[in-house]
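What follows is a short report on a single structure.
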Amino acid sequence: MDVNVANYERIVFFTGAGMSAESGVPTYRGAGGIWKEYDYLTYACQDAFDRDPSAVWDFHNYRRELVGQCQPNLGHKLIAACEKNYPAMTIVTQNIDGLHQLAGSNSVIELHGSLWRVRDERIGVRKTTRDSPFDAQQSNGSFWRPDIVWFGDMLDEAVLSDAVRVISNCDLFVSIGTSAVVYPAAQLPLLAKDAGALCIEINPEETPLSSLYDLTLRTAASTALEQLCS
Ligand code: NAD
C-alpha cells in the first residue's frame, strides 16, 4: 500500500519512546530499557516521592542530563515540517522528552507530562524549566514535583479528553515507536479505528495492537516517515 500524508486532512501522529530512540533517548522496555537499571518503585511513583523526594530528583536530574544532550532526529523534523503544510495535524505523545517541540512542532498533546515541567500542588503552580540539574527544594523546605504521569498516576482529564477528541476525528492515524502496553494510552488507537481512519503502525517489532493496523512498517521511525511524508 502506497500512503502519503498529502492525501489526508486530519492527521494524528501518536508517538512513544521509540520515536526518540534514534535521538539516543533510552526506551523503557526492550534492549537498553531504563527500567533494567532503575526500579520505578524507588524512583518514579508518588509513594517514592512522598518517602524520599531527593532520591526521586536524583533520578529525574539524571534523566534531564541524559535527555538534555539529545537532539530531535530526522523523524521529529519531518513531523514538524508536516505541521506547516497540514494545520489539522496533531501529535499525541507519550514521551516526556520535549523533542517534538524542540524540532519545531507546536500542536503537541503530552499525555504523560514533561520532564521539563515541575509543579507544586499545594499552591497550584506549574512552571517550565530546562535547568539541569534542577534545584527542586524550595526555600520553605518543600519540593517541586516533576510534572510527569508516574506509575499509578491518573492521566490529566483535560489532556486525555483533548487526545480523545482529535483521535476520534482523524482520517490518518500513525502510531510510532510505542509498545502499546501502557494504559490508557494503549487504547487510544482503537478510537481512530472506530472513526474509520487509515491506521499505520511504525515499529521494528510487532506489538499487541499490530493486528488493528491497516499498514505496518517494520522499520525505524525516521525511515518510515521519509516514506510517508515525502
Ligand atoms: P516502550 O519503551 O514501552 O516501547 C518502545 C517501542 O519503540 C518498542 O515497541 C520498540 O520496538 C519501539 N522502537 C524502538 N526503536 C524504534 C525506532 N527506532 N523506531 C520506531 N520504533 C522503535 O515505550 P512506550 O510504548 O512509549 O511506553 C513507555 C512509557 O514510558 C511511555 O509513557 C513513554 O512515553 C515513557 N518513556 C518516554 C521516553 C521519552 O520521553 N523519550 C523514554 C522512555 C519511556
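Each ligand, and each atom within it, is numbered from 1 in the order the structure gives. For this chain, numbers begin at 1 and follow the sequence in order.
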### Message
Less than 4.0 angstrom from a charged side-chain N to a carboxylate O is my criterion; do D120 and K127 meet it?
### Response
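Result for this pair is no, no salt bridge flagged.
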
#### Entry: N-O pairing of D156 and R117 below 4.0 Å
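No, D156 and R117 are not salt-bridged.
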
Would one find an N or O of [X], backbone or side chain, under 3.5 Å from an N or O of ligand 1?
X	result
V25	no
D97	yes
A221	yes
T207	no

Using heavy-atom distances only, which candidate in [options] approaches [atom] most closely?
atom	options	value
atom 31 (C) of ligand 1	E206, H112, E205, H100	H112
atom 7 (O) of ligand 1	S179, G177, G75	G177
atom 22 (C) of ligand 1	P204, A224, S222	P204

### Task
Tell me, please, which residues at least two apart from E157 pass salt bridge (Lys or Arg N to Asp or Glu O under 4.0 Å).
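Here no residue qualifies.
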
At less than 4.0 angstrom from any non-hydrogen atom of [X], what atoms of ligand 1 do you find?
X	answer
Q94	31 (C), 32 (O), 33 (C), 34 (O)
N95	34 (O), 37 (C), 38 (C), 39 (C), 40 (O), 41 (N)
G16	26 (O)
E22	18 (N)
A220	18 (N), 19 (N)

### Task
Give a yes-or-no answer on whether the side chains of S114 and D147 include a donor-acceptor pair shorter than 3.5 Å.
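S114 vs D147: no donor-acceptor pair found between side chains.
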
### Message
Pairing donors with acceptors under 3.5 angstrom, does anything connect the side chains of E201 and T207?
### Response
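Yes.
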
Check whether any side-chain heavy atom of [X] lies under 4.5 Å from a side-chain heavy atom of [Y], and answer yes or no.
X	Y	result
P184	L155	yes
V118	T129	yes
C70	D97	no

### Query
What pairs with F14 under ring-ring contact (aromatic ring centres under 6.0 Å, His included), at least two apart in sequence or on another chain?
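Residues passing ring-ring contact (aromatic ring centres under 6.0 Å, His included) with F14: F173.
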
Is the contact between [X] and ligand 1 made by the side chain, the backbone, both, or neither, using heavy atoms and a 4.0 Å cut-off?
X	value
V182	side chain
A21	side chain
M19	neither

#### Entry: Heavy-atom gap I176 to ligand 1 smaller than 4.0 Å
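No.
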
### Message
One pair to check against side-chain hydrogen bond (donor to acceptor under 3.5 Å, both in side chains): R218 and S210. What are the steps and the verdict?
### Response
CA-CA 11 Å; R218 296 267 167 259; S210 289; 3.1 Å; yes

